[in-house]
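Numbers for residues simply follow the sequence, beginning at 1.
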Amino acid sequence: MNLQTLPGLFISHGSPMLALNPEQVGPALGRLSLNLPRPKAIIIMSAHWESESLEVNTGVRPETWHDFRGFPKELYELRYPAPGEPELAEKIIHLLAEAQFSAHANSSRPRDHGVWMPLLHMYPDADIPVIEISLPTYMTALEIYKIGQALAPLRKQQILLIGSGSITHNLRELTWDQTSSFVPEWASTFRNYVVNKLTHRNYDAILDWQQIPFIARNHPTIEHLSPLFFAMGTGPRFSIVHSSFSMGALGMDIYRFD
């Protein structure tokens with residue numbers, strides 16, 4: 001069997017409503033999956049699994065977790081019953097150990113919407129094994145980047161690596177008027193700075209995230225940017241798959257790392 005190399009991805013997963021109202025990013029995710037070789041498995045780091053230690057989901061079939069409130073009933077009826085793959089999860093733990101990261105198995109963690117929501121658009125049949133890894137709150141950007149590096153060899157085994165977060169994420173400053181297309185300058189400046197540095201392979205400028213213009217306004221907390229550090233570690237060649245804003249300041253970019 002000839003295995004093909006898959007990229008690493010950073011996906012801005014947006015509001016939970018993306019599952020029901022795909023806007024521009026849903027079709028972009030669908031096209032992306034059609035243009036990639038079918039993954040043997042998917043490994044994903046989500047902004048919504050913050051942990052005190054590095055953990056890997058070893059469950060056989062984790063539950064779909066609706067980790068949000070106040071949305072339409074239809075959203076809570078959605079399920080993404082993709083299987084896990086405990087053997088691959090143990091391999092991930094071993095690879096991380098070789099890279100001097102102590103990771104722990106977690107067989108009971110359900111899948112948060114940072115995992116299942118983008119995958120609904122990419123692989124709606126939910127028939128590809130999915131393994132989630134956690135985002136340790138104590139880790140630096142460089143350490144998260146090195147986790148991506150440690151798992152990057154799995155790309156050659158036709159395994160898709162994804163960081164699921166958001167290129168901008170200040171929910172208090174969103175425009176809930178769906179007819180408005182105005183993007184505030186502080187959001188576009190931040191996004192353009194990140195893209196410029198990644199395009200010129202200046203990854204150090206992104207890992208030094210506290211110096212990015214308007215960082216505090218775009219990310220009052222850092223967990224939605226951190227999966228980008230993971231994705232950066234998976235490959236040195238950056239390209240843009242999709243770029244748009246939703247609700248004014250919510251960046252919906254998708255990046256590819258080869």
Under a 4.5 Å cut-off applied to non-hydrogen side-chain atoms, are [X] and [Y] in contact?
| X | Y | result |
| --- | --- | --- |
| Arg61 | Pro81 | yes |
| Tyr80 | Tyr123 | yes |
| Leu78 | Thr64 | no |
| Leu54 | Met139 | yes |
| Leu119 | Ile162 | yes |
| His219 | Trp209 | no |
| Gln157 | Lys40 | no |
| Leu135 | Trp49 | no |

When you measure from the side chain of [X] to the backbone of [Y], do you find a donor-acceptor pair of N or O atoms at a distance under 3.5 Å?
| X | Y | value |
| --- | --- | --- |
| Arg172 | Pro220 | no |
| Asn218 | Thr168 | no |
| Gln158 | Gln4 | yes |
| Trp116 | Trp65 | yes |
| Ser12 | Gly14 | no |
| Ser164 | Ser46 | no |
| His121 | Ser33 | no |
| Arg191 | Asp253 | no |

Tyr76 vs Phe68 aromatic rings, parallel, tilted or perpendicular, using cut-offs 30° and 60°?
tilted

Would you call the rings of His13 and His48 parallel, tilted or perpendicular if under 30° counts as parallel and over 60° as perpendicular?
tilted

Atom [atom1] in [X], atom [atom2] in [Y]: separation rounded to 0.5 Å?
| X | Y | atom1 | atom2 | value |
| --- | --- | --- | --- | --- |
| Met252 | Ser243 | CE | OG | 10.5 Å |
| Leu142 | Asp208 | CG | CG | 11.0 Å |
| Arg256 | Leu32 | CZ | CG | 7.0 Å |
| Asn202 | Tyr193 | CG | OH | 7.0 Å |
| Leu75 | Ser15 | CG | OG | 8.0 Å |
| Asp204 | Lys197 | CG | NZ | 11.0 Å |

Give a yes or no on whether Glu63 atom CD has more than 12 heavy-atom contacts from other residues, nucleotides or ligands under 6.0 Å away.
no

Glu77 atom CD, over 12 foreign heavy atoms within 6.0 Å:
yes

Following the transitive rule for hydrophobic clusters with a side-chain heavy-atom cut-off under 4.5 Å over Ile, Leu, Val, Met, Phe, Trp and Tyr, establish whether [X] and [Y] coincide in one cluster.
| X | Y | value |
| --- | --- | --- |
| Ile131 | Phe230 | yes |
| Met232 | Ile147 | yes |
| Met117 | Ile128 | yes |

Going by atom types alone, do Glu98 and His94 pair a side-chain donor with an acceptor below 3.5 Å?
yes

Run through Ile43, Asn57, Ile159 and flag the one making a side chain to side chain contact (heavy atoms under 4.5 Å, CB included) with Ile92.
Ile43

The test is salt bridge (charged side-chain N to carboxylate O under 4.0 Å, His left out); show your working for Arg217 and Glu173 and say whether it passes.
CA-CA 9 Å; Arg217 196 161 186 188; Glu173 299 225 35; 2.8 Å; yes

Can you see which heavy atom on [X] is nearest to which on [Y], and at what distance?
| X | Y | answer |
| --- | --- | --- |
| Gly165 | Ala47 | CA-CB, 4.2 Å |
| Leu88 | Ala41 | CD2-CB, 3.5 Å |
| His104 | Ile93 | C-CD1, 4.2 Å |
| Leu3 | Lys156 | CB-O, 3.8 Å |

Would you mind telling me which of Tyr255, Tyr203, Phe10 makes a ring-ring contact (aromatic ring centres under 6.0 Å, His included) with Phe238?
Tyr255

